[in-house]
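Report on the structure given below.
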Amino acid sequence: MKLIFLGAPGAGKGTHAKAVSEKLDIPTISTGNIIREAIKQETMAGLKARAFVEKGRLVPDGIVIEMLKERLSANDCENGYILDGFPRNTAQAEALDSMGVVIDRVLDLEVEDHVIEERLTGRRVCESCGASYHVVYNPSLKGDHCAECGGRLITRPDDAPEVVKDRLRVYHEQTEPLKGYYKALGKLFVAVGADEVSETTRRVFEALEAKAP
Ligand code: AMP
């Protein structure tokens, strides 16, 4: 099963992709995580990507597509995968097509912008293991440190309020048109985010199991 999770940054794609990954036993591939790791390792691609990420802009297609191609060639992708954060524009969707990747379903997770802004600006992530918290809705039991591994909790530079606004603008301008792209192919399935994470998870599974149009 090859799935794409579409939705604004902070809509909860990562959280729900994790639940689906576990159930279907396929990996989640997050281009955001791949790019952050490349920046941390100071690879050539990472150095080129850094300024774009910090400003909330899309990293140039050529760089991201190469990173994705390499990741998809790994053995654990043989039985399928979930793409979280890719494609982010029509050129990237077309690149997937020309790689011969046939996507089964695209799950569009719908969350309103004001909810996203509140979520992202209050998000804290663990520097060491990447676990995610929220200062109000999901604080760590260990205060400024990760409840799972004890690592330091930080605010991602691109979760700063003005960068979040830019990321949402980029999403609406460049990524949202992909809904039409996949709808035309009969592959788009929508789940509307709820207040409760468990309810959203239920809606995600419902959308993934729904009869095709
Ligand atoms: P994310 O963790 O998915 O919100 O991604 C964080 C940042 O990484 C984005 O704001 C972009 O700067 C960059 N990024 C992630 N995926 C892509 C992509 N498919 N194309 C271009 N830039 C990306």
Side-chain angles (χ1 to χ4, degrees), residues 2-18 20-21 27-72 81-99 101 103 106-109 111 113 115-127 129-134 154-179 181-182 193:
K2 291 180 182 147
L3 302 171
I4 290 173
F5 273 34
L6 203 62
K13 298 188 297 294
T15 304
H16 296 98
K18 188 165 178 254
V20 176
S21 267
T28 295
I29 295 168
S30 151
T31 43
N33 283 347
I34 296 174
I35 293 168
R36 277 186 289 281
E37 188 56 30
I39 293 175
K40 203 163 148 191
Q41 301 295 331
E42 300 189 337
T43 65
M44 193 80 107
L47 293 172
K48 285 186 193 153
R50 174 181 273 144
F52 295 95
V53 175
E54 285 178 355
K55 288 192 202 121
R57 304 285 154 80
L58 294 187
V59 171
D61 292 338
I63 299 177
V64 189
I65 290 166
E66 272 317 302
M67 286 173 161
L68 184 79
K69 268 191 191 158
E70 193 188 324
R71 179 63 187 88
L72 294 187
Y81 39 78
I82 301 172
L83 296 180
D84 164 7
F86 190 100
R88 278 256 220 312
N89 58 27
T90 310
Q92 293 182 9
E94 287 168 354
L96 265 187
D97 294 342
S98 55
M99 281 158 65
V101 170
I103 296 295
V106 178
L107 190 278
D108 168 33
L109 192 52
V111 177
D113 282 8
V115 177
I116 301 244
E117 286 184 40
E118 194 189 7
R119 268 189 204 166
L120 289 185
T121 54
R123 178 161 73 173
R124 300 290 178 271
V125 293
C126 172
E127 253 189 339
C129 75
S132 186
Y133 300 88
H134 190 280
I154 55 157
T155 302
R156 265 171 51 175
D158 57 340
D159 282 344
E162 59 289 359
V163 184
V164 167
K165 282 209 182 303
D166 268 341
R167 290 166 69 196
L168 280 170
R169 192 179 42 75
V170 168
Y171 171 73
H172 291 303
E173 283 174 13
Q174 302 196 41
T175 311
E176 222 170 4
L178 290 177
K179 288 187 206 168
Y181 184 92
Y182 288 110

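Whatever order the structure lists them in is the order used to number ligands and atoms, beginning at 1.
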Give me the atom names and distance for the closest heavy-atom approach of Thr175 to Arg88. OG1-O, 2.7 Å
Indicate whether any N or O donor in one side chain lies under 3.5 Å from an N or O acceptor in the other, for Ser132 and Arg123. no
Minimum heavy-atom separation for Ser21 to Thr28, with atom names? OG-OG1, 2.5 Å
Sorted by chain and number, sequence neighbours left out, side-chain hydrogen bond (donor to acceptor under 3.5 Å, both in side chains) with Tyr181 holds for Asp97
Please report, to 0.1 Å, the donor-acceptor pairs under 3.5 Å made by any side chain of residues 47-69, with sequence neighbours excluded.
from, atom 1, to, atom 2, distance (Å)
Asp61, OD1, Asn89, ND2, 3.0
Asp61, OD1, Gln92, NE2, 3.0

For Glu176, which residues count as a salt bridge (Lys or Arg N to Asp or Glu O under 4.0 Å) partner, sequence neighbours excluded? Lys179
Using a threshold of 4.0 angstrom between heavy atoms of the protein and any atom of ligand 1, which residues qualify? Thr31, Gly32, Ile35, Arg36, Val53, Arg57, Leu58, Val59, Val64, Gly85, Phe86, Arg88, Gln92, Arg156, Asp158, Arg167
